[in-house]
There are 2 protein chains.
Amino acid sequence: MTGPAGAGRPGETEFLAGYRPGDYPAFAVTVDLAVLTIRGGLLSVLLVRRGDHPFAGYLALPGGFVRSGESAEQAAARELEEETGAVFSGHLEQLRTYSDPDRDPRMRVVSIAFVALAPRLADPRPGGDAAEARWWPVEDLGLDGRPGGRPADAPELAFDHARILGDALERVRSKLEYTTLAARFVDEPFTLADLRRVYAAVWDSAPDLANFRRKVLSTEGFIVEQGRSGAAAAGPAGGRPPLLYRRGHAVLLHPPMLRPAAGRDAAGPP
Amino acid sequence: MTGPAGAGRPGETEFLAGYRPGDYPAFAVTVDLAVLTIRGGLLSVLLVRRGDHPFAGYLALPGGFVRSGESAEQAAARELEEETGAVFSGHLEQLRTYSDPDRDPRMRVVSIAFVALAPRLADPRPGGDAAEARWWPVEDLGLDGRPGGRPADAPELAFDHARILGDALERVRSKLEYTTLAARFVDEPFTLADLRRVYAAVWDSAPDLANFRRKVLSTEGFIVEQGRSGAAAAGPAGGRPPLLYRRGHAVLLHPPMLRPAAGRDAAGPP
DNA sequence: TCAATAGTGTCTGTCAGACAGTATGTG
DNA sequence: CACATACTGTCTGACAGACACTATTGA
């Protein structure tokens, strides 16, 4: 792949010098972020409460406009740092783009959605037009037909953000199956029990402990042993202190660790 | 998920009546299509030769601007029909969005890329500024480090289309593992040998015939038996006439059919 | 009968599910 | 000691890889 931009292709410099943009429709482009973490054993998402119309008072995914000189990825990283007040070092990946013509009643907006994963972040600070920003356990949002059904008091999300968040959850649930992404949810060093709690929270069902250990430890490069804690970091006293690990270099799991049968439907993009 | 657009949220109608768009950066939004099919046992992609600057004379993915009233999905379907001259009935899915600020030297363009799969399409007809449109076996493009290396005469693609096509190929290769997508590449009715040739072409290595049969036939809803051909459609004479099948309703494969070890690296989004 | 393609049977190793058991720490 | 947590062993069934085998057609 040779460079796309201002390269030396025959006649092109002259062409570009005389080029005037045609009248193509103009769009505003935003990024929306599904920032996920595990808090208190629950998969949680960062939501802001909107101060302004439209959808004033509704909960929404944090996000903002892409600026002239930046890519969507740069805009997502910038918004993430504005929202959390610190450089973001976790996992950030593009989810998909939402472009229904009437998804924003103000104007034509195309939104490029991202998923971010992080171990326990500092409590977020509000910014921009967000009146409030906090973590919500996803089960309190009643997005998917999870056991227990939609909580009666489940808040409604602004725009098409319920759909975006639903897609983000499906992406993360399925990526835990065939990647080592789970380890991005925990602080280092971590124990195998910590890592297993990530799967339990994301899949809403804990894999069998012994089988989980066998799989994780036999996957070369998933996690790296780090020694035993002098007297374990947290946790209630009592019990044998666990071995500690950090993230390894492996990215993919082969073969994958499939989640239990439930929640495996709904095709959707990978 | 209740409707995003012109709903009756308190105070919003008044707000929208007085709303004037702020000065957010304006972007052109395009769709780019990686249209894939199997031709002569080779995975092939539809490419156009550009007539205009920039990248005049280069090969490019077909695509075009998203219009004011349509979603990216609608634009992709429209371009596909313009390009092939018929209503497109195959599989079309969003790949990802490319937004590097300098990916197009003319102006700021965000491109939403799609992957389309179809059984042998009519030979394409050129349209728009495409001087020529034809199928290219992907192995002739030398995109990935495939055995044989990059052909000396491999053409260079315009813009960042080599990257987009590379991502599209990885998407399709991996989706064959855990979905029934392969069946979207063949005309109905088809034989098991036809279906296996799809895997052989996409993965560049044929799964063992007996194991392949066992897997496909034991996956309920992957394919449906359709009876035996009176005297097989095509193929060289001689040999036992095969059973015929059509696509079933199943979408996902559980557990997946993993491709052989090669080509399973390069993390990349799902 | 031969060539060619379709289709079957079966052995083997790998691995996940299930679950019972052992080890090592604290009070 | 009891108790809690960490960790191990092992039986079983499902399934993929490998490959030898049989079946059915046309020439």
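Just so it is clear: chains get the letters A, B, ... in the order the sequence lines come, proteins before strands, and each one is counted from 1. Side chains included, hydrogens not; waters and symmetry mates left out as well; all remaining heavy atoms used.
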side-chain hydrogen bond (donor to acceptor under 3.5 Å, both in side chains): pairs with one or both residues in residues 241-252 of chain A, sequence neighbours excluded = A:Gln226-A:Arg246
The correct set of residues in residues 210-224 of chain A placing a heavy atom under 4.0 Å from DNA chain C is A:Ala210, A:Asn211, A:Arg214, A:Lys215
Check side-chain hydrogen bond (donor to acceptor under 3.5 Å, both in side chains) between A:Glu225 and all other residues, then give those that pass, not counting sequence neighbours.
-> none
Sorted by chain and residue number, the side-chain hydrogen bond (donor to acceptor under 3.5 Å, both in side chains) partners of A:Asp208 (sequence neighbours excluded) come out as A:Asn211
Spacing between A:Tyr178 atom OH and C:dA16 atom C1', to the nearest angstrom = 21 Å
Distance, rounded to the nearest Å, where A:Leu258 contributes CG and C:dC15 contributes P = 14 Å
Euclidean distance, atom CG of residue A:Leu243 to atom P of D:dT5 [Å, nearest integer] | 17 Å
Which residues pass the side-chain hydrogen bond (donor to acceptor under 3.5 Å, both in side chains) test with B:Thr219, sequence neighbours left out?
-> none
Please report, rounded to the nearest Å, how far the P atom of C:dA6 is from the CD atom of B:Glu225.
-> 15 Å
Picking from C:dA23, D:dA23, C:dA18, the nucleotide nearest the side-chain atoms of A:Asp208 would be C:dA18
Contact nearer the 5' end of DNA chain C, comparing B:Leu209 with A:Arg240 = B:Leu209
Could you give the NE2-to-P distance, from A:His254 to D:dC15, as a whole number of Å?
-> 20 Å
Atom-pair distance (CH2 on A:Trp203; C1' on C:dG17), nearest Å = 14 Å
Would you say the side chains of B:Tyr98 and B:Asp167 form a donor-acceptor pair under 3.5 Å?
-> yes
Between A:Arg197 (CZ) and D:dA6 (C1'), how many Å, whole number?
-> 12 Å
Residue list, ring-ring contact (aromatic ring centres under 6.0 Å, His included) with B:Phe190, at least two apart or on another chain = none
In whole angstroms, how far is the P atom of D:dA6 from the CZ atom of A:Phe190?
-> 15 Å
